Enquirer: 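The structure that follows is given in the form of structure tokens.
No experiment lies behind these values; they were computed from the predicted model shown. All values below come from the heavy atoms of this structure, side chains included, with hydrogens, waters and symmetry mates left out. Naming convention: chains lettered A, B, ... in sequence-line order (proteins, then strands); numbering from 1 in each chain.
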Amino acid sequence: MPEGPSIVILKELLLPYAGKIVQSAEGNAAIDLSRLSRKKILGIKSWGKHTLICFSDFYIRIHLLMFGSYSINEPKENRVPRLSLRLKGGELNFYTCQVKLVEGKPDKDYDWEADVMGDAWNAAKALEKIHTLDSALVCDVLLDQQIFSGSGNIIKNEVLFRLAVHPESQVQAMPQSILKKLVKETRSYSFDFYHWKKANVLRKHWLIYKKAICPRCHTPVTSTHTGKGKRLSCFCPDCQQLYH
DNA sequence: TCCAATGTTTCGCC
DNA sequence: GGGCGAAACATTGG
């Protein structure tokens, strides 16, 4: 579920509820739910994998993490929501997610230019951030939410395959032209992801992630855990060049 | 049945 | 204090 493009889809589903007043707020989230009662939802925003429900003096930050889910107007049976908002003409339910109440406006907390799916995305700035890194591996850089907010493990693997770059390449050693493509392709693939996810055909467009054979050269795909977070990397050992 | 997975934070240890 | 690994959270599908 929860890479950036999926969160943009969630945001779009929530947008019709902007302007509505919360009639009641329930759930087992460790926040003061009474703060929400009778308050008007002023806006719905997203930043990477964060979903923001904005009120006048604070906002609710929802992160679905690995297993989070939601339902709109159809509560799941036998499940206690982490957060449930009853509105006039609707009910928003979030399960198994991280919920925080943050004081103030989101603008003070978020660099909108880092959101890969966002209107304010700044590719040049992302490139600059990459240049400040010492010895980072590209597989880690593509999961760095301060640089590519919203990029996740699927996006990482598919982008690296498109660029024919080995996940354990050091960004320092990669030519500038490839780094530029990396930045561009991460946004571009994220939008492909978004459209495929919306059409429920994301999985069949995976070229390397969880695949057995490289679609370009038919070499067996290597699947191994890489980088600081030891996240799964699927790559073609023949097509994807290692820069080091 | 068991394991791993589209994620992140926190804690303990060196 | 930085860096690393493990644990914690907790659901679903293969």
Enquirer: Could you see if A:I44 belongs to whatever hydrophobic cluster contains A:I60? Use Ile, Leu, Val, Met, Phe, Trp, Tyr and a side-chain cutoff under 4.5 Å.
Expert: yes
Enquirer: Kindly indicate, with the supporting measurements, whether the criterion salt bridge (Lys or Arg N to Asp or Glu O under 4.0 Å) is fulfilled by A:K198 and A:E12.
Expert: CA-CA 11 Å; A:K198 239 176 153 170; A:E12 290 171 352; 3.3 Å; yes
Enquirer: Partner of B:dT6 by Watson-Crick or G-U wobble geometry, both contacts under 3.5 Å, or none?
Expert: none
Enquirer: To the nearest Å, give me how far apart CG (A:L64) and P (C:dC9) are.
Expert: 19 Å
Enquirer: Taking the nucleotide of DNA chain B with the closest heavy atom to each, which residue, A:K49 or A:K100, is nearer the 5' end?
Expert: A:K49
Enquirer: Mind calculating the distance between CD1 (A:I154) and P (B:dA5) to the nearest angstrom?
Expert: 12 Å
Enquirer: OP1 or OP2 of B:dA5 sitting under 4.0 Å from any side-chain N/O of A:H225?
Expert: yes
Enquirer: If you compare every side-chain N and O of A:R79 against the phosphate oxygens of C:dT12 (OP1, OP2), does one of them come in below 4.0 Å?
Expert: yes
Enquirer: According to a strict under-4.0 Å criterion, is A:Y95 in side-chain N/O contact with OP1 or OP2 of C:dT11?
Expert: no
Enquirer: Distance check needed: B:dG7 P versus A:R61 CZ, whole Å only.
Expert: 15 Å
Enquirer: In whole angstroms, how far is the P atom of C:dA10 from the CG atom of A:L65?
Expert: 10 Å
Enquirer: For A:H205 and A:F193, I'd like to know if the aromatic rings sit close, meaning centre-to-centre distance below 6.0 Å.
Expert: no
Enquirer: Given the side-chain rings of A:F235 and A:H166, with only the six-membered ring counted for Trp, is the space between their centroids under 6.0 Å?
Expert: yes
Enquirer: Could you pick out which residue, A:R203 or A:R82, lies toward the 5' side of DNA chain C when each is mapped onto its nearest nucleotide?
Expert: A:R82
Enquirer: Is A:R162 close enough and on-axis enough to A:Y189, meaning under 6.0 Å and within 45°, for cation-pi?
Expert: no
Enquirer: Rounded to the Å, how far apart are A:L232 CG and B:dT6 P?
Expert: 6 Å
Enquirer: Is the shortest side-chain N/O distance from A:K228 to OP1 or OP2 of C:dC4 below 4.0 Å?
Expert: no
Enquirer: Need to verify one output field. Residue with the more 5' nearest nucleotide on DNA chain C, A:T96 or A:K230?
Expert: A:K230
Enquirer: Return the pairing partner of C:dA10 with a 3.5 Å limit on both distances, Watson-Crick or G-U wobble; otherwise return none.
Expert: none
Enquirer: Looking for any heavy atom pair under 4.0 Å, which part of the strands does A:L143 touch: base, sugar-phosphate only, or nothing?
Expert: nothing
Enquirer: Taking atom P of B:dT8 as reference, at what distance in whole Å does atom CD1 of A:I62 sit?
Expert: 15 Å
Enquirer: Rounded to the nearest angstrom, tell me the gap between atom CZ in A:F148 and atom C1' in B:dT8.
Expert: 19 Å
Enquirer: When rounded to the nearest Å, what value does the distance between P atoms of C:dC9 and B:dT1 take?
Expert: 23 Å
Enquirer: Can you check the A:Q98 CD to C:dA8 P distance for me, whole Å?
Expert: 17 Å
